[in-house]
Amino acid sequence: MEKFVIHGGKKLRGRVKISGAKNGVLAMMPATILAPGTYTLKNVPNLRDVWTMSRLLNDMGIYSELNDGELFIDSRNINSFEAPYEHVKKMRASFYVLGPLVARFGQAKVSLPGGCAWGPRPVDLHLKGLEKLGAEIKIESGYVIAKSEKLKGTRIHLDVPSVGATGNIMMAAVLAEGTTVISNAAIEPEITALAKFLVKMGAKINGIGTNVLEIEGVNELHPATETVIPDRIEAGTLLIAGAITEGSVTIESCNPYHITAIISKMEEAGCEFEIHEDRVTVRMDGPPKPVDITTAVYPGFPTDMQSQWVSFMLKSTGVSKVTETIYPDRFKHVPELQRLGAEIEMSDNTAIVYGGKKLTGATVMGSDLRGSAALVLAGLIAEGTTEVIRIYHIDRGYESIDKKLRQLGADIERVPTDEF
Ligand code: UD1
């Protein structure tokens, strides 16, 4: 096991490159099930979740190799249609294999993901959508067993614009007979990127980037090469790292357009920005003003930035409210931040953050990916030494976060530990 040891108080300065999007590549990798052949995905981050997805695909007979950000995939020899609990429990994105397997092979056995650290995370919309396309779905011993002769195009309205359900249903519909319309579809950039990748593979999709996707099924697809879009959550996290330490940080190889909601809230808090085509500089002089946020689907303020915002507001000059509407229980970071001296009150799905209290270093424990990032951010401003344990969570979704922060001047080390 490893932990981070952070000595707080350093102002971050300098430039840092943003990696490819975790949620982008995790949707694209299963898409390679749809057409046998060899693929190269570029700008792929070296992350635990990417290894988990690779292992799951390897167990199905798909070869994969990641070298210097290029992921080579050979999907010519798929010989299993199963995603076992062992993989799915580690990473819910494993559920993405369901749609492609049913579409191409007419069968799939995929473990139900169950809950996660911040509460229930249903997959009912994925299943309803596939059933509407004509798949026969049974739940047996914790597994979804799906079968289908040939999927048939249909109209599917999602009750909520779920990212995963949109991706799964879209990947099934591209090989269905006839036209499928998905309305109230997610418009997160990673879904738009997945749709563009599928089009490169020969799929026919209209309405990309809107919440109505019209998919005309084709008989077969072919492999393609694609570059993964920049990770907007890593971008937002590093911008906050710059601002919370009252420094000046430039993030490079990012897409500023994808982080508009984050930038706009940071501007309200008093941050200054310089925005170019693929790089953004943030400057902060003094503590932020208190700014309320409410998480929402894209292009709203992302739930994946909620915990980092709580940390940012700990530095503020007043009281702010952070309201979570996507995953109401996603506040595991709050009790850990309180161990550092943070004053936060919880009221249902809202954290009331009393800014300006002195934080002092302590050992804190990450229990989910973004919550762990919030602990690291708090460690950067806490007095003394903060140790963050269980950093395997942060390694799921941030490529070398410790190296990147060190490059910006943070005093953070990754050290082995027996602490669990
Ligand atoms: C994806 C992201 C995750 C992000 C989330 C919201 C990946 C791999 N993960 O997760 O990082 O936090 O989007 O932006 O891309 N829901 C249902 N029924 C379903 C599916 C979802 O009710 O069948 C609800 C969920 O409970 C939640 C909301 O829809 O309230 C959004 O979830 P969804 O967009 O599906 O999140 P994921 O795709 O799991």
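Counting starts at 1 for both ligands and their atoms, following the listed order. Every heavy atom of this structure was used, including side-chain atoms; hydrogens, water molecules and symmetry mates were not.
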[X] N/O to ligand 1 N/O under 3.5 Å:
{"X": "Asp304", "value": "yes"}
{"X": "Ser162", "value": "yes"}
{"X": "Tyr327", "value": "yes"}
{"X": "Val160", "value": "no"}
{"X": "Arg121", "value": "yes"}
{"X": "Ile326", "value": "yes"}

Counting heavy atoms only, name the option from [options] that's nearest to [atom].
{"atom": "atom 15 (O) of ligand 1", "options": "Asn168, Thr166, Asn23", "result": "Asn23"}
{"atom": "atom 16 (N) of ligand 1", "options": "Gly300, Ala21, Pro122, Pro302", "result": "Pro122"}
{"atom": "atom 34 (O) of ligand 1", "options": "Thr295, Ile233, Val163", "result": "Val163"}

For ligand 1, which atoms, with element, lie under 4.0 Å from some heavy atom of [X]?
{"X": "His126", "value": "23 (O)"}
{"X": "Gly164", "value": "35 (O), 38 (O)"}
{"X": "Leu125", "value": "17 (C), 18 (N), 19 (C), 23 (O)"}
{"X": "Arg330", "value": "12 (O)"}

4.0 Å heavy-atom contact, Ala165 with ligand 1: no

Taking atom types as modelled, find out whether [X] and [Y] have a side-chain donor-acceptor pair closer than 3.5 angstrom.
{"X": "Asp304", "Y": "Gln306", "result": "no"}
{"X": "Thr325", "Y": "Asn349", "result": "no"}
{"X": "Thr350", "Y": "Thr323", "result": "yes"}
{"X": "Arg370", "Y": "Tyr398", "result": "yes"}

Ion pair present between [X] and [Y], side-chain N to carboxylate O less than 4.0 angstrom?
{"X": "Glu252", "Y": "Arg15", "result": "yes"}
{"X": "Glu226", "Y": "Lys200", "result": "yes"}
{"X": "Arg390", "Y": "Asp368", "result": "no"}
{"X": "Arg48", "Y": "Asp395", "result": "no"}

Proximity of Thr303 to ligand 1 by residue part, where a heavy atom lies under 4.0 Å: side chain

Glu190, portion touching ligand 1 at heavy-atom distance under 4.0 Å: neither

Worked check of salt bridge (Lys or Arg N to Asp or Glu O under 4.0 Å) between Lys128 and Glu131: CA-CA 5 Å; Lys128 272 192 207 160; Glu131 269 178 335; over 6 Å; no

Option from Leu12, Thr386, Leu408 for which side chain to side chain contact (heavy atoms under 4.5 Å, CB included) with Leu380 holds: Leu12

